[in-house]
Each structure stands twice: as structure tokens, then as C-alpha cells.
Amino acid sequence: QVQLRQSGGGLVQTGDSLRLSCVISGETFTFLTMAWFRQAPGKEREFVAVTTKTVGRAEYTDSVKGRFIISSDTAKNTFYLQMNALKVEDTSDYYCAVARTEEGYYLGRRYSQERRYDYWGQGTQVTVSS
């Protein structure tokens, strides 16, 4: 049974940093695309960042470019979202997600579509205060 276990959220101030972790258990070898999404109160869930095992190219939503970094550690079956220079508008519940394929994910930004992912983490809250 596949499980994604998230950790690392919390309450921080503007300009601080946080690192979110997502540990994959179960069929760890089958997941080629790893992503982070977030959902702010009263808003729809949105794409944040993605990377793939084979291509390895990271993509980010415009609002986090230059501040957030997605990375993975295959040996630990874990991927991360390093969040720097946090802003109040980054306050959200953050979700990790994985997909068994990466084929075509970079075409038309398919990686940003929630339906492309097979498993999701439980979510972790990030609150940034001014």
C-alpha cells in the first residue's frame, strides 16, 4: 500500500525558511513524477513545483520561482520543498503528490494538473505571519 507522509510545516514569519518533506512508502520505485501543490483558505488547490526522476527538470509556478526549490533523495524515498523568503501569500496547506509516469508531463504543463497524480500526502499547514 502506497503512503505519502508529509512533515515540516509550521508557523513562521515573513522572510523565514521552511523545508517540507514527503516520504514515500510502498511502491517507491514506480513513481517518476513528484510534485507539490498548495491550497489556501477559500481557494482552489494550485500547482507549486514538480520534478521527475528521468528528466530531472524542475518547474515552478511563477509566484515561487527563485524562492522555492524542489529536490529528491532516491535513497531515502523522499522529496522536499525548500521554501525560502516566505511571504504571507504563501500561507496554505501544502500537499505532495506522485505519479507513476513522467511521459508527456512537461507538455502543455500537464504536471500542473491534479488529475495526473496517483497518490497524495495528507497535507501540512504552512502559515506565514507578517
Side-chain angles (χ1 to χ4, degrees):
Q1 182 179 358
V2 176
Q3 288 187 328
L4 273 61
R5 188 175 72 253
Q6 296 182 222
S7 61
L11 172 64
V12 296
Q13 293 186 325
T14 301
D16 285 350
S17 297
L18 274 177
R19 189 177 77 160
L20 304 182
S21 299
C22 182
V23 179
I24 309 169
S25 61
E27 302 169 23
T28 57
F29 62 93
T30 65
F31 297 108
L32 301 182
T33 300
M34 296 156 281
W36 291 93
F37 288 75
R38 66 185 180 185
Q39 186 169 20
K43 295 187 177 181
E44 293 185 352
R45 190 154 53 184
E46 65 170 354
F47 164 78
V48 176
V50 67
T51 189
T52 60
K53 279 189 176 179
T54 303
V55 176
R57 188 179 82 222
E59 295 286 349
Y60 302 91
T61 191
D62 288 345
S63 62
V64 307
K65 284 181 180 177
R67 300 189 297 122
F68 289 14
I69 301 170
I70 186 171
S71 63
S72 65
D73 186 331
T74 303
K76 295 182 178 180
N77 298 319
T78 302
F79 62 105
Y80 308 93
L81 185 67
Q82 176 68 43
M83 304 185 294
N84 302 317
L86 282 161
K87 303 176 180 180
V88 171
E89 50 265 42
D90 294 319
T91 296
S92 285
D93 290 329
Y94 284 73
Y95 297 87
C96 60
V98 296
R100 288 192 174 90
T101 182
E102 61 180 38
E103 185 175 356
Y105 270 52
Y106 293 102
L107 299 176
R109 299 184 72 247
R110 291 176 185 175
Y111 52 74
S112 67
Q113 300 169 355
E114 293 181 51
R115 63 185 178 88
R116 301 281 180 184
Y117 294 87
D118 300 303
Y119 294 94
W120 291 79
Q122 81 278 15
T124 186
Q125 189 173 49
V126 173
T127 303
V128 185
S129 63
S130 59

Worksheet item: Which pair of heavy atoms, one from A85 and one from S17, lies closest together, and at what distance?
Response: N-OG, 4.2 Å

Worksheet, complete the sentence: What one should report as the nearest heavy-atom pair of V48 and L81 is CG1-CD2, 4.2 Å

Worksheet entry | Connected via hydrophobic side-chain network under 4.5 Å: Y105 and F31 | no

Practice prompt. Any pair with a residue in residues 86-101 that passes side chain to side chain donor-acceptor pair (under 3.5 Å), sequence neighbours left out, goes on the list, sorted by first then second residue, please.
Written response: E27-R100, R38-D90, R38-Y94, R67-D90, R100-Y119

Practice prompt. State yes or no: do V50 and V98 share one hydrophobic cluster built from I, L, V, M, F, W and Y residues joined by side-chain heavy-atom distances below 4.5 Å, directly or via other members?
Written response: no

Fill in: Greater than 12 external heavy atoms within 6.0 Å of E103's CD
no

Fill in: Interatomic distance, R110 atom CZ to E102 atom CD [nearest 0.5 angstrom]
13.5 Å

Practice prompt. Scan for ring-ring contact (aromatic ring centres under 6.0 Å, His included) pairs involving residues 38-79, sequence neighbours excluded, and state none if there are none.
Written response: W36-F79, F37-F47, F47-Y111

Worksheet entry | Distance, nearest 0.5 Å, that separates CG of L32 from CG of D118 | 10.0 Å

Item to complete: Starting at CG of L11, measure out to OG of S129 and round the result to the nearest 0.5 Å.
Response: 5.0 Å

Worksheet item: Taking ILVMFWY side chains as joined if any heavy atoms are under 4.5 angstrom apart, and letting links pass through other members, which residues group with V23?
Response: none

Fill in: CD (Q13) with more than 12 external heavy atoms under 6.0 Å
no

Practice prompt. With sequence neighbours left out, write down each residue that passes side chain to side chain contact (heavy atoms under 4.5 Å, CB included) with S130, or none if nothing qualifies.
Written response: T14, V88

Worksheet item: Atom CD of Q39 and atom CD of E114: how far apart are they, to the nearest 0.5 Å?
Response: 7.5 Å

Worksheet item: Linking I/L/V/M/F/W/Y whenever any side-chain heavy atoms sit under 4.5 Å apart, do I69 and V55 land together?
Response: no

Fill in: Residues that, via side-chain heavy atoms closer than 4.5 angstrom, fall in one hydrophobic cluster with Y80
none

Worksheet item: Quick check: does any side chain N or O of Y106 sit under 3.5 Å from a backbone N or O of R57, one acting as donor and the other as acceptor?
Response: yes

Worksheet, complete the sentence: Heavy-atom nearest pair, L4 first then C96, reads CD2-SG, 3.7 Å

Worksheet item: Mind checking what makes side chain to side chain contact (heavy atoms under 4.5 Å, CB included) contact with Q122, not counting sequence neighbours?
Response: Q6

Worksheet item: Same cluster or not: are I24 and Y117 linked, directly or through other Ile, Leu, Val, Met, Phe, Trp or Tyr residues, by side-chain heavy atoms under 4.5 angstrom apart?
Response: no

Practice prompt. Report the distance from atom CG of N77 to atom CZ of R5, rounding to the nearest 0.5 Å.
Written response: 11.0 Å

Fill in: Rounded distance (nearest 0.5 Å) linking atom CD1 of I70 with atom CD of Q82
12.0 Å

